[in-house]
Protein chains: 2
Amino acid sequence: MVERGGSGVPGGRRKQRVSMADVAQLAGVSSQTVSRVSNGHPGVISSTREQVLAAMRELGYRPNSAARALRYGQFNTIGVILFSLSSTGNSRTVEAIATHAAAEGYAITLIPIDVPTQDNVLGAFTRMGELAVDAVIAIMEIHLLDAATVQLPPGVHVVVVDSDAGDRYSVVDTDQADGARKAVRHLLGLGHRTVWHVTGPETSFASRRRTQAWRAVLEEAGRPVPPPLYGDWSAESGYAAGLALAEQPDCTAVFASNDQMALGLLRAFRERGRSVPEDVSVVGFDDIPDAAFFVPPLTTVHQDFAEVGRRCVQGVLHQIRTRGGPHPGTDLVPTSLVVRSSTAAPR
Amino acid sequence: MVERGGSGVPGGRRKQRVSMADVAQLAGVSSQTVSRVSNGHPGVISSTREQVLAAMRELGYRPNSAARALRYGQFNTIGVILFSLSSTGNSRTVEAIATHAAAEGYAITLIPIDVPTQDNVLGAFTRMGELAVDAVIAIMEIHLLDAATVQLPPGVHVVVVDSDAGDRYSVVDTDQADGARKAVRHLLGLGHRTVWHVTGPETSFASRRRTQAWRAVLEEAGRPVPPPLYGDWSAESGYAAGLALAEQPDCTAVFASNDQMALGLLRAFRERGRSVPEDVSVVGFDDIPDAAFFVPPLTTVHQDFAEVGRRCVQGVLHQIRTRGGPHPGTDLVPTSLVVRSSTAAPR
DNA sequence: CCACAGCATGTTTACGTAAACATGCCGTGA
DNA sequence: TCACGGCATGTTTACGTAAACATGCTGTGG
C-alpha cells in the first residue's frame, strides 16, 4: 500500500498545506485570480470563478491566516488577560466576549494568570505583545496594569474591566456602587437598624467599590457602621465570617460581596441556629444561577455579565476600526436587585 | 505641538511596527544578526549582541508572530471548542488547558458555540480551520464531531473531551463510570435498598456514562432500577426532579449527575419537609467548591478538572511534536468520593 | 610567510497573500 | 479601419522572519 496523506493530493510527496499557488495551477489561472475569488472581489468572470472554486474544493484549500495577518498587519484576534476563570463572573464575561468577538469575525486568545503578582502580569502582557493580537481586554485592577501595558506594542488597543482607570483607559464594568447601594437600601428599607458586610479580596476593585458604597449608604442614613469582615470571594471565607457574625446578637442583616460568600453565611447561620431570614437577613451579589436554589433562596444583586462582555468587544472594535488611541471613559452596566427569600423585616 | 507616536521613535512618519530591519539599521548590523540575537543563537560576539539588544530596547522591538508563523508553518496556538463556559467543569478545564499551554509556550484560542447544533459545530470547526491553530481540543460529544473535523486542514491535531471516540480520536476524560459507581456503591453500602437518579442532558456523553454506570451497579447488586429523572445540569431541573421524588415515599437515596442539580434536590426536599440525610440521602458529582457549603454539605464525586486539562495539552503537544497522526485511545482521569453530610444510613 | 580552518557576520531566498501595476483582448464610435 | 476605453487576468513586489549559503577576517601550523 502506497503511503497516502490525508489531503487526497495525488502525486507522491505532497506539501504540508495547500496554497493559492496549488489551486491556481489546478485551475489553470494565476494565484492572484485565486486571491480575488477567495476574497470575493468583483471582476472575475463567473466561469473562471467556478473553476477556481472547484479547484479549491478538490484540494481542500484554506487561506493561511499567518500570511494574511502578515500582509494586512492585522490578526483579527483579541487577547483576554485575567486571573481566573473560576469565578462565575469572569467565566461568563469571557464567554460573552468570545461570542461577540466571533460574531465580528474575531477570535479570542486567553491568558490566565495563576498568581496575581506584578511580575506575572508583566509577563502576561509581554507574551500578549508577542502574540498575534490587535487588542487586549484586561480583567483586572488598574494598579497591576499600569506598568504592564507598556509591554504592548504601540497600536494594540486596551479595554479594562474591574477598574477605576477611566481617566486613562477605556473601562467597562458593572455599576458596582449602584448595585451595593441597592442591596444596603433594601435591607434598611425592611427596617434593619444597620447592615453588616463581608468584603471580597482587597485586590479586587469591584470588591472595594461595593464596600465603599455600603459604608456611604450607612453614613448617609446616619446609621452605625459595623466593622467589615474580610472575605476572599470563597464560600469558605463567607462561612468563617458567618461564624463570627453569629456571635453578634445585634446583627440582623448582612450584605455579602458575592453569592458564594453568602452561601457560606447561610450555612454558618444555620449551624449556629440563627434562622434566615427570621433572625438574620442576607443579601449577596452576582445572582449566580444557583442562588435561586440556596436554602433559603438568596436575595442578591443581579449583574449582567453578558452585557459587560458585549461592551468590551464593542469598545475594542471601535478603537481598532477608528484607529483611535485609548478612548478614556467608564462605561457602567446597570444592576438590578433580585428579591428572594433570604431577606425580611427584623422581628 | 508636533504629532507624536507612542513609540518614541523620532523622525516624523514612523512605521506602524518596529521590524528587525529597523533594529538592524540602528545597531549597524544586518537583520540576520538581529534574528540570531532574537532567537538566542550562538555565534554572535557579545559586543554585537549588546548593541543589538540595546537597539531592540530603544525601539521597543517585538517579534512579529505572523511572520514567524508563516516562516515556520506553526502558530504555537491551540484552539479550544466547547459549548459553554458556564459549567464549572468546562471553565476549570479550559483554565487548566490555558495554564499548561502557556507553560509550553502555546496560546489558546477559544471558540464557544452558543447553540449546540450540528451546523454551529461545523461552522466553528470551519473557522478553526481558517484560524492559526496547530491543534484543536474539542470539549463535546463525538456525534457532533465526526462531520466537523473534516473541516480542519490536514496536519491539525485533535484531542477530544467528553466522548467515547477512543477508537478514532485521542480522548481525555474523567472516569465517569468509575465515579458514578463510587457514588452508587456508597449509597448501597449505607444500607439503602436502591438509588434513584437524576440525569444530565441527553446530549452529554458524561451524563449518559454516569447513568449507565448507575444502572449497571444496581443491576449487578440485584436491586430494582427506578426510572431515572431527566435533568439538564441546572439547579432548576434538579429542583423539579426533587419535587417529583419527594412524592415517592420509598425514595431514600438519590444520585444526581452533578452538584448543581443536587442543590436543586436539596431545596426541593427541604420545601417538602423531607430531611437530608435523615429521610433522603443525596450524592452529587463534580465537587464544585461550593458543595462543601450546601445545606447540608454535599457528599459528591470529586473530578480533577485540572488534570484533565493538563492531559489534553500533553496529548496535543505530543501529537504536534511527533507529527503523529491521531493517536487513538482513551485517557481516563480517576475520581474520588468526598463524603460529607448529605448521606446517611436509612432509618 | 602563506594556506587554510574556523568563526562572526552579511546576502539571498522562501514562506502565502494581496495590493499595485502591467498586459492583452474585445467592442464601440469616429 | 483604427484608436481608445474598459475589463478580465497576469506579473511584480512587499509584508517580517530565518534557514541556507556566501564572505571576509583572524589566528595558527607547516
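This one's a predicted model, so the numbers in the text were calculated from it and none came from an experiment. Below, read A as the first sequence line, B as the second, and so on, with proteins coming before strands; counting in each chain starts at 1.
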**Message:** Taking any heavy-atom pair under 4.0 Å as a contact, classify V34(A): base, sugar-phosphate, or nothing.
**Reply:** nothing
**Item:** Sugar-phosphate only, base, or nothing, as touched by S38(B) at under 4.0 Å among non-hydrogen atoms
**Value:** nothing
Ignoring the backbone of [X], work out which of [options] is nearest its side chain.
X	options	answer
Y61(A)	dT17(C), dA18(C), dT9(C)	dT17(C)
Q32(B)	dT17(C), dG10(C), dG10(D)	dG10(C)
V29(B)	dG10(C), dG10(D), dA19(C)	dG10(C)
M20(B)	dT17(C), dT11(D), dA18(D)	dA18(D)

Rounded to whole Å, how long is the line connecting atom [atom1] of [X] with atom [atom2] of [N]?
X	N	atom1	atom2	value
N76(B)	dT17(D)	CG	C1'	14 Å
Q25(A)	dG10(D)	CD	P	13 Å
I45(B)	dT26(D)	CD1	C1'	11 Å
Q74(A)	dA18(C)	CD	P	13 Å
H41(B)	dC7(C)	NE2	P	17 Å
N39(B)	dG16(D)	CG	P	17 Å
M56(B)	dT17(D)	CE	P	9 Å
F75(A)	dG16(D)	CZ	C1'	10 Å

**Asked** Can you check whether V94(B) reaches I108(B) side chain to side chain, under 4.5 Å on heavy atoms?
**Response**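 Heavy-atom side-chain distance check passes, below 4.5 Å.
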**Asked** Tell me, do V316(B) and Y106(B) make a side-chain contact under 4.5 Å, heavy atoms counted?
**Response**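 The answer is no; the side chains never approach within 4.5 Å.
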So that I can tick it off, tell me whether [Y] and [X] are bridged by a salt bridge, with the cut-off set at under 4.0 angstrom between side-chain N and carboxylate O.
X	Y	value
E104(A)	R321(A)	yes
R92(B)	E95(B)	no
E130(B)	R127(B)	no

**Message:** Just N and O in the side chain of T33(B): are any of them under 4.0 Å from OP1 or OP2 of dA8(C)?
**Reply:** no
Do side-chain atoms of [X] reach the backbone of [Y] as a donor and acceptor pair under 3.5 angstrom?
X	Y	result
T33(B)	V29(B)	no
N90(A)	S84(A)	yes
D162(B)	I139(B)	no

**Message:** Under a 3.5 Å cutoff, is there a donor and acceptor pairing between the side chains of R68(B) and N39(B)?
**Reply:** yes
**Asked** With distance as the sole criterion, is a donor-acceptor pair present between the side chains of T109(A) and T109(B) under 3.5 Å?
**Response**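 Distance-only check passes for T109(A) and T109(B).
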Can you give me the N/O atom pairs linking the protein to nucleotides 21-23 of chain D at distances under 3.5 Å, or say none if there are none?
none

**Item:** DNA chain C: 5'-proximal contact among T48(B) and S31(A) (nearest heavy atom)
**Value:** T48(B)
**Prompt:** Heavy atom of residues 62-72 of chain B under 4.0 Å from DNA chain C: which residues?
**Reply:**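 Close to the strand are L70(B), R71(B).
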